[in-house]
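Quick notes on the structure that follows.
Just so we're on the same page: letters track the sequence lines, and every chain starts at 1.
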Amino acid sequence: MSKSDDKAQTVSEKAVEVSSSTRQSSSSDEGSGGIVVLFFFIGLAISLIFGWMIFPKLLYSQKKQPINFSHSLHNKLVSNGCESCHFFRDDGSYSGVPKLAQCVGCHEEVQGDSPDEIEFVEKYVQKGIEVPWLVYARQPDCVFFSHAAHVKTAKLDCKTCHGYIGESESLKTYYQNRITGYSRDIWGENIAGIKKNTWDRMKMDDCAECHQKLKTSFGSVQTQKEGCFVCHK
Amino acid sequence: MKQEQGHSKAKKFGMVIDLDLCTGCGSCMVACMAENNVPFKEDETDKLKSITWMRIFKFSNGKTYPETDVCYLPRPCQHCEGHGGHSPCVSVCPATATDYDAHTGIVSQIYTRCFGCRYCMGSCPYKARYFNWFDPVWPDGMEQYLSPDVSPRMRGVVEKCSFCYHRYQIAKDKAHYEGQTEIEEDAYQTACAQACPVKAITFGDLNNHSHAVSKLKNQPNAFRLLERLGTNTKVYYVSGREWVRRAGDNYLKAEWPKKTS
Amino acid sequence: MDSALIPNGVRRCSINKFMIALAIAGAVLLWGVYAMFLCWFKGLNQTNMNDYYGFALWIWADLAIIALGGGAFFTGFLRYIMGKDELKNIINYAVLIGFICYSSALLILAIDIGQPLRGWFIFWHANVHSMLTEVAFCLTCYFMVLTIEYIPLILENKQIDKVPFFHHLSHNMHSVMAVFAATGAFLSFFHQGSLGGVAGVLFGRPFAFREGLFIWPWTFFLFTWSAAAYGPCFTLMVTKITEMVTKKKLVKDNVVELLAKISGWMMATYIIAKIIDTYYWANVTAPSLGFNIMHFYSNNSFYGLWILFLEIILGGVVPAAILITEKGRKNSLARNTAFVLAVIGVCVNRWVMVLQVMAVPVMSFDTWALYYPSWQEVATTILPVAYGIILIMISYRYLPIFPQEPELNPVD
Amino acid sequence: MKIDRRSFLALGVGVVAGNALSPVPAILTDDIAIWTQNWPWVPVPEIGGSAYADTTCQLCPGGCGISVRKVEERGVKIEGKKDHPVNNGGICALGLSGLQLLYGPTRVKTPLKRAGKRGEGKWIKISWDQAISEVAGKLNDLRSQEKAHTVAGISGSSSGTMTEIFRRFLTAYGSANFFHTPSIQDTYRLVFEFMHGKKADPGFDIENADFILSFGSSLLEGWGPPVRMLKASKKWKDTATKIIQIEPRLSRTALKAERWIPVTPGTEAVLALSLCHVIIKEGLYNKDFLANSTFGFEDYKAKNGEIKKGFKQLVMDDYSPEAASKITGLDPAAIILLAREFAKASAPLAIFGKGQGILPGSLSEAMAIHALNALCGSINRKGGIFALDVLENKELSEVALDGIAEAGLKQHKLVETPHNSSGCLNQAFSAILKGNSVNALLVLEANPLYTLSDSKSVKDAFDRIPFIASFSSFMDETAQYADMILPNHIYLERIEDVPLSMGFPKTVIGLSKPVFKPQYSTKHAGDTILLISKELGGSIADSFPWKNYEACLQHVLSDKMDVLKKKGFWTATDSFPDFKNAFRTASAKFEFQTDSLSSDLVNVKIEGDETYPLVLIPYETIRLSTGYIANPPFLTKAVEDTILKGKDSFIEINPKTAQASGFSEADMVLLQTPKGQARVRVHLEEGIMPGIIALPRGLGHTAYDNYIADKGINVNQLIGPVNDPVSGLDTAWGIRAKLSKA
């Protein structure tokens, strides 16, 4: 054979190779086009379900209060509403969750027949141990919140921030963010942060929202909003 | 400007420090540390890595024995107003972690907002800003004395004197509770002013004519640090000694004795 | 072994040789990464920075590499906007170098801040008055642009190019590259400038403070200008180094000379502006604040007038003079010396605008504070260099970075 | 169907896309940032109601009133008490740091018994019962071996009920070897004993004097009640009072003084007498007072009949300005001018005593300076110096003594001086080194191992004492070197009466109340001693009839207690009889003790010869605590880096002196004295006399914790005591020294 011949041959061989390869690829295209799309949606679904339904559960750990407590029951018995127990100190600071000393005022001995009260008296009153309450509305250490300013001066209703806890029969579960350690009430139950009521969230934006609406003058030179030191320490 | 529309006249808290009275005893420094949960390390002798919101500078008249004379100068954050509240540090902070409050004239610093770029430190000619190079560590048990009124800082953020702003918050709290609108001069005093044994530090509202500072700052011997830079500070110093007053700013040879402008 | 990946018509060293080189660079890289993690987990006490030196080696490195990376936007600007077509033969490399510089800058910033996990606050809680905010935004945006400019280059790899989709993608991207180049140029103008602003706005620091135009101090414009002027020099210097390492001519002299000439004229105009600025600052700005210019250059064991001379004369006037003269440009030795001097010049300028600013005492009773970096700082600063070398090695080996290479080095 | 690579790619893309549409990235980014804002290892102070509790500070003898701010049970801040006679709201840096001592790591938390070698720091925790019975056992044995007199006690203070009880215990036990940390008060008491013939403490009416001549007293560096002095300095400025500070170093006092007059240290007495010379020569003295109420001004006949040179003649002969000038290095004209100013002032006041007054000082010098006051009649009058009668505890009954006790008390004491010797602590230790045996040593709120000069010999003496028990609240040098520690409550946890420190013009007693319940298993030293005496039983127990220390205090302060509890302090109604009845001397007049003013006495020689070209003087700064209480971290943080840098102390030295030997700022040098040597750094300071080098007190602790130990040099290692020929008290104001490259 002459050189030219086998050159031509090799060329033709190449051509064959190429064509076959293209055929292969094209056929596989037709076959898996739908599947590719399907897989895409499977992936999409997986992460959406995880993100919107599983993740919120994972994010928070659930904690039970040391003992049960009925706000509504106590509310009926006291004269001065919330302030009967959650009172202001003489220096204007807010006492927050009552200390054992206040409860002892009434609960020296067991009053009624509620097992919770009996547990309370035996476990804490008699031993003189403070109840390690979990505070739903506890703000981080960097926050300075003046109850006096909001309740006394601005005449805000407790509900506005704390909702209907005052009418609750029992204490709800305490959800603690595993990363930040915050109570879930700060970010709110809705993972997207959507709120229907003023008391659904307690983040800085929620404070700011109200301050922006109600105040006429703002300290911050940089933001033309409320000054930082109004609420931070 | 918007902030002037406030109900009560805008306050402008400031200080007047008498350098002829100051003995450099250090009470203000320690009072500040104790009041503001300032951390400490085993070795605090590297003053470039030692957090002292209130720092006492010491400088001399440059004369030799026995004509030499020395001045102690307590230096808190000067709470510059700059032009319209754009103090050197406030305007540079990228995350609005530090801000000028037109209601009080106080330069705030929010530790949880700060992410530690330290631009503000570079901008401050008074070196009044300090960075938490280390995690704050209190020896076992000592964290018991930490005050709940001031939040302890974490590693990696900048901190500085706040004119004991938390004391103002507490005073306001009381006022709200008692239905008062105004706060008495002595109801809000910084820890350093309160502790100073010689009362060299006077603190109050520079805008309020009933407050001592508003008069003291107008003494002929009163001056501010680096006025020429336009930092427009709210800490005034007083000294009868000319060389001390001159040390308060920078002057070319020809410029002193300073013409009263 | 990896010949399938190597572009057609060019010769590359053996895979083993390549791997060894890669390993060496990799070792250095790892050292830097180790230091980086030390800083992240133990905090910035790992550095020698202190309360007088909030900004130090890292910020200098940032400013310097961003200035040097300026070659990318300016060359792009010349190529696509001004239509200097020859520059297509070096634009790829300019882009690559730019990409390396900017990615490194971002990394260093991430190490430099005390609370890296809160770094995003700069975007989320942005303070519009801060120059640093402007820097952060423009820097990030421009980095994206560079990435987009770099991608088509990657797509030109022999294997990737075989995939029809990628083939077309790269083709289309090329055709719209002018748009990106324009955006890049625009963004760069601002972030290069705002980096200058960072120092210029410090009215508490008379050494750095400058008057200016509207909200922008003169340093704003000087920085942009200098980046445009000195950036290409760095691109050309690195090209030269690459040529020396690969023992090949990669870019034709006419291309180099063209870019060198433009850069030279930019430099000349810049240095004049810089001299005027310095003169004005020394004789008007500083004195008006009570400072004699010698205050900034005396009473300390390091900073003296020499640094001013090094920056402006040796690092500015001299290289500019060389590059704007025909003879200077043509003589490769002179030309390359000019590149090196220029690079030194701009680095010194950035150093002065960061570290000397911190060192100078402002209060009359305050003292000079000098600083030297800790090994962790040095390592993390060298990290990008190693990273850059590696990226260049890989890109050069597998991508047609230099269009003129096959022509200049025909494979028989 | 066929699943290929691209399908998985698609899956991945889907997952990524889905995530982007879910809250996960946003929430994680936010929450991780929030996590950094609340790092678990950064403490969060507990919130609660806050209140103030008042008490009296005991960190120095100043006796300031303090208000402790508490949040629930935690103390969060110490502030100065308003309307308190001493500090009226002001407070010093040390007082402010008190809570760091309360909660600090340096507390002794329970009774400890030595396990390892002495000072090794190996301890076993023991119960209080064991501790007390072991101590009692030891003491009982010694008693039964008739070695009661070989038990010694050291108290940090020389006054107060606690000290009384301690002394009483030793007496009842049968030992006269009670000692207290010496102070200038001891010297002043002798001055009054000699010149006024009565037991008195000095009160300086600093607020009302119009010309104060301070012979090196660190009036603003912690002298007397520090805050009172600082307040006074404001008054001086307001009333244009003239303060003249005579001192080789530009101290804070010198800075605030109208004039700083550096003189060769140790020649102050000569200067004082030379001032007298001028005043007498120019007849500027208070003629009426000298004529009617003094003895020994003119020449007089002694008991043995010989004619003795009077004060007048003495100073005229030996102390002319010219003569004094040679010694003091002060220009005669300056001396004459100073004398005139002093004498012509309406209320001049001369103050004796270098530094804070930790050092007893030379008796002759004290008397020379007191004589200067006398010449101008500045005694017991407004703006002058008052002789305040020492409060006697009449309420305490006679100590019951049994045979052994009486025998023990008859035994010869460690230190025998004609006068009260309980301040001669240095001599006590040298006596031990000379071979006098001490078999047990009890230490109360004192740290002799650190505060006494020539620390090394003190340590050697300690080694010869078989049993040492300390009542210290802190692991100080002495406690660390003891065999047993019975930790006392610290001042914020205990009740105590606090007689005001030397220098205050009124007799004031403060009350220290327990602001916190004891943090650890500690016991009030008073109760510990009561329990030990009960254990010992017999006459010793009979001497302590009270059920506890508080009852005892109640008994002692009976009439004052109500006021103390109400106001927090009690002020005596001091009365100062006219000069006819003021003096209890043989002559019933003020007596110039001429024979103690001879030139050989007034010139206090310090240790060292010409081979030591320089003179080292210790100095005090108010930012360093020098006594039994060591510097809390806050105070150390406030110390300048020209005093302490890293672990190095700085010496102050005049640039000229430094140049001469080629030293420059911050150089490390070797400082040598006859007593020892140390590596220190150089700090050039124009405000110090050439030829003098100064080292601060309060550094160089070896015990306590990492915040206190190993910082700088303890100057006491380098200085040895020089005993006053008359009083026997330590008068060493410095020592000769030399510097060499290190």
Side-chain angles (χ1 to χ4, degrees), chain B residues 20-21 23-27 29-31 33-35 37-38 40-47 50 52 56 58 60 63-72 111-112 135-156 191 194-200, chain D residues 36-37 39 41-48 71 74-80 87 89-93 96-97 99-100 102-105 220 227 230-231 233-234 237 250 252 255-256 260 262 622-623 633-641 644-646 654 656 686-690 705-707:
Chain B
D20 297 343
L21 282 180
T23 61
C25 72
S27 282
M29 289 179 82
V30 175
M33 296 179 207
E35 178 76 21
N37 297 341
V38 175
F40 56 88
K41 311 185 290 294
E42 281 179 12
D43 181 359
E44 285 285 359
T45 58
D46 178 356
K47 299 305 176 189
S50 175
T52 46
I56 299 180
K58 182 185 179 186
S60 89
K63 298 209 177 119
T64 59
Y65 172 89
E67 273 75 40
T68 181
D69 187 9
V70 169
C71 174
Y72 289 98
Y111 320 117
T112 44
D135 279 305
V137 181
W138 282 269
D140 213 6
M142 242 200 237
E143 70 282 344
Q144 283 185 83
Y145 74 61
L146 293 180
S147 159
D149 305 326
V150 182
S151 56
R153 283 70 63 183
M154 67 291 299
R155 174 230 297 165
Q194 177 196 28
C196 179
V198 293
K199 294 271 158 275
Chain D
T36 67
Q37 296 170 339
W39 272 336
W41 58 88
V42 177
V44 175
E46 229 169 284
I47 55 173
V71 170
R74 306 186 296 118
V76 297
K77 178 92 187 292
I78 295 180
E79 288 163 9
N87 57 316
I91 181 165
C92 75
L96 280 156
S97 316
L99 291 173
Q100 293 194 314
L102 175 69
Y103 297 120
L220 303 181
V227 178
L230 290 165
K231 287 196 165 303
S233 77
K234 182 184 194 318
K237 186 161 177 285
L250 185 66
R252 280 187 173 76
L255 273 175
K256 295 298 157 189
W260 167 44
I622 195 162
R623 296 194 204 170
F634 276 158
L635 199 50
T636 310
K637 189 171 177 174
V639 172
E640 300 98 319
D641 57 0
L644 178 73
K645 182 92 176 166
N654 188 294
K656 285 190 193 62
E686 288 292 351
I688 187 166
M689 211 175 187
D705 54 48
N706 296 347
Y707 296 89

Structural part of [X] lying under 4.5 Å from a heavy atom of chain D:
| X | value |
| --- | --- |
| B/Gln194 | both |
| B/Tyr72 | side chain |
| B/Asp43 | both |
| B/Asn37 | side chain |
| B/Met142 | both |
| B/Lys58 | side chain |

Just do the side chain to side chain contact (heavy atoms under 4.5 Å, CB included) check on B/Val38 and D/Lys637 with the steps written out, would you? CA-CA 11 Å; B/Val38 175; D/Lys637 189 171 177 174; 3.5 Å; yes

Got a salt bridge between B/Lys63 and D/Glu686, using NZ or NE/NH1/NH2 to carboxylate O under 4.0 Å? no

Among the options B/Glu44, B/Glu42, B/Glu143, pick out the one with the most heavy-atom pairs lying under 4.5 Å from chain D. B/Glu42

Between B/Gly26, B/Cys25, B/Pro66, which has the largest tally of heavy atom pairs under 4.5 Å with chain D? B/Cys25

Go through it in stages, so that I can follow the logic: the residues are B/Tyr65 and D/Ile688, the test is side chain to side chain contact (heavy atoms under 4.5 Å, CB included), and I'd like the CA-CA distance, side-chain angles, deciding distance and then a yes or no. CA-CA 7 Å; B/Tyr65 172 89; D/Ile688 187 166; 6.0 Å; no

Please give me the minimum heavy-atom distance between B/Val30 and D/Ser97, naming the atom from each residue. CG1-OG, 3.5 Å

Nearest heavy-atom pair of D/Tyr707 and B/Pro139: which atoms, and what distance? OH-CD, 3.6 Å

Below 4.5 Å, heavy atoms only, C-beta onward: do [X] and [Y] meet side chain to side chain?
| X | Y | value |
| --- | --- | --- |
| B/Ile56 | D/Arg623 | yes |
| D/Val44 | B/Pro152 | no |
| B/Phe40 | D/Gln100 | yes |
| D/Lys237 | B/Asp20 | yes |
| D/Arg74 | B/Pro148 | yes |
| D/Trp39 | B/Arg155 | yes |
| B/Tyr145 | D/Pro45 | no |
| B/Leu146 | D/Pro43 | yes |

Verify, without hydrogens or angle tests, whether D/Lys77 (side chain) and B/Glu35 (backbone) share a donor-acceptor contact under 3.5 angstrom. no

Sidechain-backbone polar pair: B/Thr45 side chain, D/Gly646 backbone, donor-acceptor under 3.5 Å: yes

If you measure from [atom1] on [X] to [atom2] on [Y], what distance do you get to the nearest 0.5 Å?
| X | Y | atom1 | atom2 | value |
| --- | --- | --- | --- | --- |
| D/Thr36 | B/Met154 | OG1 | CE | 6.5 Å |
| B/Ser27 | D/Ile622 | OG | CD1 | 6.5 Å |
| D/Leu635 | B/Met33 | CG | CE | 9.0 Å |

Decide if atom CD1 of D/Ile47 counts as having more than 12 heavy atoms of other residues, nucleotides or ligands within a radius under 6.0 Å. no

